[in-house]
2 protein chains.
Amino acid sequence: MRIGELGQATGVDIETIRYYEKAGLLPAPERRQNGYRAYAPLHVERLAFIRHCRALDISLADIQRLLAFVAHPESDCRDIDRLIDAQLARVQARLQSMQALERQLTALRGRCGKSHLAGDCGILHELVAAAHHEACICHREALSKPAEVEAVIAPLATQGA
Amino acid sequence: MRIGELGQATGVDIETIRYYEKAGLLPAPERRQNGYRAYAPLHVERLAFIRHCRALDISLADIQRLLAFVAHPESDCRDIDRLIDAQLARVQARLQSMQALERQLTALRGRCGKSHLAGDCGILHELVAAAHHEACICHREALSKPAEVEAVIAPLATQGA
DNA sequence: CTTGACCCTATAGTTACTACAGGGTGTGTA
DNA sequence: TACACACCCTGTAGTAACTATAGGGTCAAG
């Protein structure tokens, strides 16, 4: 199977496939005489594994760790548990910050009045007010809970962490 | 005010401050004889505006657009509304995909048995099963709703879109 | 032979930071 | 005066997970 066919079969972009090979997640396949990659069924399965984990927002580094567990069935299952637990905790933390964010944006959106001039815009006033150290409506609740501001900003800033 | 002082005053990393200046979001300040930046109160306010928007997960490009509205009070408020609406929609879509993800990870986590060998690990079995085109428990519901699989993968893949 | 689809490697770009290299400036202390 | 330390500067590179592009090779059909 050539790379285009693998891409078709799995819905993964060929450049992403080559990226995964370079990253060491997908074993380098045999090559044909003309230099084209020749993928075997094991590659299809491996790629499906990787995409499944990506769908769970598991980082490539963690996927690599999971693959090591697959390769070593005698290794400790608790490490896998810990990995998934950590992932679950990250997702839950992110979920909470997204929920706070939705509330804040909804509140900000509610500031739009009837005027159609930016100079009179309630949204802009709110955003500018924040710059004057006034408690804005979208963050008013959060300002009384400094930890929540951090909960919003920190995950955003460390989105890849 | 020097850059370190601005960083202290706003909680923003000095490298991030320089980044914003280079990105055109923060006006370049005057310079002292020795080349050090000399920030004015307007910079403090502008930086606060930017960080407030970042806290709302608004992209730097959109922040630039909002700043253009601030600079042109005669412009149309509806464009601001549309920007915030689009942002709200993005956050809500992301929120839904995170919720699905949490459910899936919770289900996967529940597969861990009592054995402590990776070879017997329910989590690994699930992940590997997915590679065999079997309906895994973490995605089983989603497989009956193909749109939801896309809802999980597409936002993850376009995280910066 | 030409054309278009497919393939190759290498490099660069995306987004929003963050880190590092190499060097300059200012201040306090011995 | 010399040294140490904190702070500053520009430029470049790195992070994570892709995605795009440049330049060139291969293959099959017309």
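Lettering follows sequence order; numbering is per chain, from 1.
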Could you report the tightest heavy-atom contact between B/Thr16 and B/Arg51, atom names first, then the distance? CG2-NH1, 4.1 Å
side-chain hydrogen bond (donor to acceptor under 3.5 Å, both in side chains) involving [X] - partner list, sequence neighbours excluded:
| X | result |
| --- | --- |
| B/Gln8 | none |
| A/Gln96 | none |
| A/Arg18 | none |
| A/Glu74 | A/His72 |

Under 4.0 Å protein heavy-atom contacts per nucleotide of nucleotides 7-13 of chain C, with B for base, S for backbone only and - for none: SSB-B--
Whole-Å gap separating [atom2] ([N]) and [atom1] ([X]):
| X | N | atom1 | atom2 | result |
| --- | --- | --- | --- | --- |
| B/Arg32 | C/dT25 | CZ | C1' | 11 Å |
| B/Gln8 | D/dC8 | CD | C1' | 15 Å |
| B/Leu47 | C/dA16 | CG | C1' | 14 Å |
| B/Leu26 | C/dC17 | CG | C1' | 15 Å |
| B/Asp13 | C/dC20 | CG | C1' | 13 Å |
| B/Leu60 | C/dT18 | CG | P | 12 Å |
| A/Ile58 | D/dA17 | CD1 | C1' | 15 Å |
| B/Arg51 | C/dA16 | CZ | P | 11 Å |

Return the angle between end axes of the helix from C/dC1-D/dG30 to C/dA30-D/dT1, with five pairs used per end and rounding to 10°. 40°
Which nucleotide wins on minimum distance to the side chain of A/Tyr20, given the candidates D/dC18, C/dC17, D/dA17?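 That would be D/dC18.
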Applying salt bridge (Lys or Arg N to Asp or Glu O under 4.0 Å), can you list everything that pairs with A/Glu15, at least two apart in sequence or on another chain? none
Listed by chain and number, what are the salt bridge (Lys or Arg N to Asp or Glu O under 4.0 Å) partners of B/Asp76, not counting sequence neighbours? B/Arg78
So does A/Thr16 get a side-chain nitrogen or oxygen closer than 4.0 Å to the phosphate oxygens (OP1/OP2) of D/dT19? yes
If a pair satisfies side chain to side chain donor-acceptor pair (under 3.5 Å) and one of its residues is in residues 24-36 of chain B, list it, with sequence neighbours excluded.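 Qualifying pairs, neighbours excluded: none.
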